[in-house]
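Numbering of ligands and ligand atoms starts at 1, following listing order. All values derive from a computational prediction rather than experimental measurement. Just so you know, residue 1 is the first one in the sequence shown, and it goes up from there.
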Amino acid sequence: MRPTDDLKSEHEAVMVLLGILDKVSERLESNGAVPREHLDQMLDFLRGFVDKCHHGKEETALFPAMEAAGVLRAGGPIGVMLAEHEAGRGFVRQMAAAGNDGSAFARAGRGYVALLTQHIQKENNVLFPMADKVLSAATQQRLEGEFETIEETVVGRGKHEQYHAMLHHLKEFYQA
Ligand SMILES: [Fe+2]
Ligand SMILES: [Fe+2]
């Protein structure tokens, strides 16, 4: 498996979360009740899985390797990806700060869904094919090792399964 295949399969899980977040935002906008616990579970997934694990792999392993292989950061695709990760963190902070204000949560949630949807498309269709082309087999192998280390040290064993179980539960609940 190439390192970009690992990231692509994580994108699939992120897309499931975006579908749930979309439904939740819709419900909050129409003043429907959403259990606080669900909002907290989504925030936990956004911080732990999406940001620490997934963006962590991209920012500390994949992007530096691509830069070393000549892909531009400033004024190039990596700079754009980094700026979008930062914008995503801003939306997550807004969701967390919304407290019991459902419409504020929904507004930030909608912004996050729109941002991440196009971000993932750009990575899958442009950035990752570029990585597959410019990174040597040896570098790709090294990246896979680095990804494993990130999963173990940043996320922790067993936590991945927990995230997936939670996603599955929320997906059913909101019929996302
Ligand atoms: Fe990214
Ligand atoms: Fe990504």
Side-chain angles (χ1 to χ4, degrees), residues 1-22 24-25 41-96 108-136 139-156 159-168 170-171 176:
M1 201 159 94
R2 294 173 300 192
T4 53
D5 291 325
D6 179 58
L7 295 171
K8 271 191 216 161
S9 75
E10 288 182 351
H11 281 169
E12 283 172 31
V14 179
M15 291 299 292
V16 172
L17 190 278
L18 296 181
I20 297 164
L21 185 52
D22 198 50
V24 164
S25 299
Q41 285 172 347
M42 285 190 293
L43 284 169
D44 181 43
F45 184 90
L46 291 173
R47 291 182 180 126
F49 183 87
V50 183
D51 205 44
K52 282 207 185 97
C53 176
H54 183 75
H55 292 163
K57 287 177 181 175
E58 292 175 347
E59 292 183 2
T60 67
L62 181 75
F63 296 169
M66 290 180 75
E67 247 187 293
V71 179
L72 287 181
R73 173 191 282 256
I78 295 175
V80 175
M81 296 302 114
L82 290 169
E84 290 179 351
H85 288 180
E86 211 42 64
R89 289 176 186 121
F91 282 125
V92 173
R93 277 194 295 271
Q94 286 174 32
M95 281 183 252
R110 293 275 190 205
Y112 187 85
V113 171
L115 174 76
L116 261 285
T117 303
Q118 59 85 33
H119 178 79
I120 286 174
Q121 275 163 7
K122 281 192 284 201
E123 287 183 340
N124 283 354
N125 302 324
V126 182
L127 201 82
F128 293 173
M130 197 186 281
D132 295 340
K133 206 158 74 181
V134 302
L135 301 177
S136 67
T139 301
Q140 297 198 30
Q141 209 170 2
R142 173 173 59 78
L143 287 178
E144 281 177 61
E146 289 179 21
F147 283 4
E148 264 168 53
T149 307
I150 291 171
E151 282 190 27
E152 279 169 30
T153 57
V154 180
V155 186
K159 187 71 184 169
H160 258 264
E161 288 68 24
Q162 234 171 293
Y163 280 136
H164 284 285
M166 183 208 80
L167 264 193
H168 181 74
L170 292 179
K171 184 173 155 53

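Judged purely by atom type and a 3.5 angstrom limit, Q118 uses its side chain to pair as donor or acceptor with the backbone of L115.
Every side chain to side chain donor-acceptor pair (under 3.5 Å) that E67 has, sequence neighbours left out, goes to R73. Take E151 and apply the salt bridge (charged side-chain N to carboxylate O under 4.0 Å, His left out) test, not counting sequence neighbours, and it matches K57. Taking the side chain to side chain donor-acceptor pair (under 3.5 Å) definition, one finds that E86 meets it with R89, sequence neighbours left out.
Within the protein, the N, O or S atoms sitting under 2.8 Å from the Fe ion (ligand 1) are E58 OE1, H85 NE2, H119 NE2, E123 OE2.
Taking the side chain as every heavy atom from C-beta outward, V134 and V71 approach each other to under 4.5 Å.
Salt bridge status for R142 with E146: present, with a side-chain N to carboxylate O gap under 4.0 Å.
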